[in-house]
Amino acid sequence: MSLSVNDRPEQPRVVARPPESGLRRFLARNRAAMGTFAVFAVMIVIFMIASPRVFLNWTIYSSVLVTLPVALALVVPLVFVVTVGEIDLSFPSTMGFSAWMFALLIKAGFPALIAIGAAIVSGTIIGLAVGSLVVYGALSSLIATLGMNYMLRGFIQIITQGKSITLLELRDGTTATVLSGSVWGVPVQIFWALLFVIAAGLLYNRHRFGARVHAVGDHPDSAAQMGIPVDKVRVATFAFMGFGAAIAGIFTTLVNFTWWPTTGDGYLLPAIASVFVGGTPTWGGIGTVAGGAIGATIVSFIQSGIVAAGLSGFYVQFFNGLIIILALLGHRWNQKRFR
């Protein structure tokens with residue numbers, strides 16, 4: 001028995017979805033960073049209301065921009081390390097050691113460019129050594145890098161006997177002017193830091209190395225089956241961390257024209273907090289360089305905002321911890337995938 005045309009079941013109609021706009025795709029790709037920026041905007045508004053005399057004045061922003069590049073040089077490479085599924089707690093001593101090499105060569109009369117190059121090479125080599133210890137030594141990155149941090153810091157203290165190095169000869173030199181001067185009241189180093197963030201962002205999102213970092217952090221076995229050299233990628237992220245720590249050490253030495261044996265010690269927890277506040281989760285495979293940079297800005301402003309609001313400095317650690325917890329909760333709900 002055949003069915004007439006009118007008796008045949010109606011075929012479901014397929015409705016084509018309209019293509020997503022460029023703005024919608026941008027927001028979807030960067031929702032973690034946008035969420036972090038929203039937190040930053042709300043925080044600044046609260047600080048402005050609490051202390052308008054301070055936060056409606058350019059001075060507070062200029063003072064933060066002096067030291068913010070140091071944090072950015074540490075946080076951005078740390079995003080790569082966390083994305084690949086590891087953690088690095090040795091970067092404070094790497095930062096101090098690289099800055100030490102820079103100060104020693106300047107004091108010995110070497111040109112500033114040679115001193116900068118030596119500092120960057122030494123930081124990168126330390127990063128390679130740390131990465132090799134973790135990857136090829138099959139050690140926990142948490143414990144191995146913490147041990148390396150203490151060992152390297154102890155070595156610095158033993159050799160220097162706790163003595164600092166002053167570099168007043170750099171105060172009026174070209175190097176200090178180009179790397180840590182000011183233009184129209186804006187510290188020059190923030191422009192170098194932004195250039196570093198942009199280059200790292202392109203490496204992370206547009207380059208083959210960044211794609212490999214994501215793949216290894218997401219599932220190392222699958223990445224190996226695709227032909228990705230998993231161990232080399234993991235070691236390379238630690239080397240990049242050493243590179244960034246060296247840049248941070250150079251910046252902080254040029255800002256103060258002094259090297260201290262404790263250089264870098266105060267950046268461990270703020271840098272880690274910035275990564276997680278910025279939207280890079282702890283489980284690997286995903287992250288955001290832009291979010292990390294914004295997270296570093298948030299953490300840098302917390303202390304200034306709390307003091308300007310009339311609160312004691314004892315509140316700084318409390319609010320640092322509170323923002324970390326709230327940010328992690330927010331990003332966990334905001335991310336499609338989590339472990």
Side-chain angles (χ1 to χ4, degrees), residues 70-102 115-149 151-153 155-156 192-193 195-217 220 223-224 228-251 263-264 267-268 271-272 274-275 280 284-285 287 289 292-293:
V70 178
L72 292 176
L74 296 172
V75 170
V76 169
L78 193 56
V79 170
F80 284 74
V81 176
V82 175
T83 301
V84 88
E86 305 289 352
I87 190 66
D88 189 353
L89 304 182
S90 66
F91 64 83
S93 58
T94 303
M95 174 180 169
F97 187 91
S98 301
W100 183 31
M101 292 297 100
F102 173 74
I116 291 173
I120 291 176
V121 169
S122 64
T124 305
I125 290 175
I126 292 174
L128 282 170
V130 171
S132 298
L133 183 65
V134 171
V135 175
Y136 300 114
L139 300 178
S140 164
S141 59
L142 177 66
I143 305 302
T145 58
L146 183 62
M148 180 63 74
N149 185 51
M151 187 179 71
L152 193 56
R153 183 67 65 186
F155 174 78
I156 294 172
W192 291 108
L195 183 63
F196 178 68
V197 171
I198 293 171
L202 293 175
L203 182 66
Y204 187 81
N205 296 305
R206 303 289 184 181
H207 194 269
R208 181 175 60 181
F209 176 69
R212 289 181 170 183
V213 168
H214 285 85
V216 172
I228 295 175
V230 173
D231 290 345
K232 290 182 179 179
V233 170
R234 293 168 64 199
V235 172
T237 60
F238 284 97
F240 187 41
M241 184 72 250
F243 175 84
I247 293 177
I250 294 169
F251 273 137
T263 295
Y267 285 95
L268 178 60
I272 295 174
S274 301
V275 171
T280 299
V289 168

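None of the values given here were measured: they were computed from a predicted structure. Positions are given from 1 along the sequence.
Considering CD1 of I247 and CD1 of I116, their distance stands at 10.0 Å, rounded to 0.5 Å. Rounded to the nearest 0.5 Å, atoms CD1 (I156) and CG (L152) are 5.0 Å apart. Considering OG of S93 and CG of L146, their distance stands at 10.0 Å, rounded to 0.5 Å. Annotation: the span from M241 atom CE to M95 atom CE amounts to 10.0 Å, rounded to 0.5 Å. Rounding to the nearest 0.5 angstrom, the gap separating the CZ atom in F97 from the OG1 atom in T263 is 13.0 Å. Between I125 atom CD1 and M101 atom CE the span is 11.0 Å, to the nearest 0.5 Å.
Using a 4.5 Å heavy-atom threshold, the side chains of F91 and L268 count as touching. In this structure, P229 and R212 have side chains that are in contact, with non-hydrogen atoms separated by less than 4.5 Å.
Closest of all the heavy-atom pairs between A223 and V230 is CB-CG2, 4.1 Å. Contact record, A246 with I120: CB-CA, 3.7 Å, taken as the closest heavy-atom pair. S98 approaches G123 most closely through the heavy-atom pair OG-CA, 3.2 Å. Taking both residues in full, the closest heavy atoms of L78 and D88 are given as CD1-O, 4.0 Å, listed atom of the first, atom of the second, then distance. Summarising the geometry of V134 relative to A144, their closest heavy-atom pair is CG2-CB, 4.0 Å, with the distance given to 0.1 Å. When every heavy atom of G249 is checked against every heavy atom of A99, the shortest pair comes out as O-CB, 3.6 Å.
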CA sep, side-chain torsions, deciding dist, call: T83, T237, side chain to side chain contact (heavy atoms under 4.5 Å, CB included)
CA-CA 9 Å; T83 301; T237 60; over 6 Å; no
List the steps, then state whether side chain to side chain contact (heavy atoms under 4.5 Å, CB included) holds for T145 with F238.
CA-CA 10 Å; T145 58; F238 284 97; 4.1 Å; yes
Set out, in order, the CA-CA distance, both residues' side-chain angles and the distance that settles side chain to side chain contact (heavy atoms under 4.5 Å, CB included) for F196 and L72, then state yes or no.
CA-CA 8 Å; F196 178 68; L72 292 176; 5.7 Å; no
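Partners of F102 according to the ring pair (Phe, Tyr, Trp, His ring centres under 6.0 Å) rule, which considers only residues two or more places apart in sequence or in another chain, do not exist here.
Proximity of a side-chain donor or acceptor of R153 to a complementary backbone N or O of P92 within less than 3.5 Å is detected. Side-chain N or O atoms of Y204 include none that pairs as donor or acceptor with a backbone N or O of V79 at under 3.5 Å.
Between F240 and F80, the ring-plane angle classifies as perpendicular under the 30° and 60° cut-offs.
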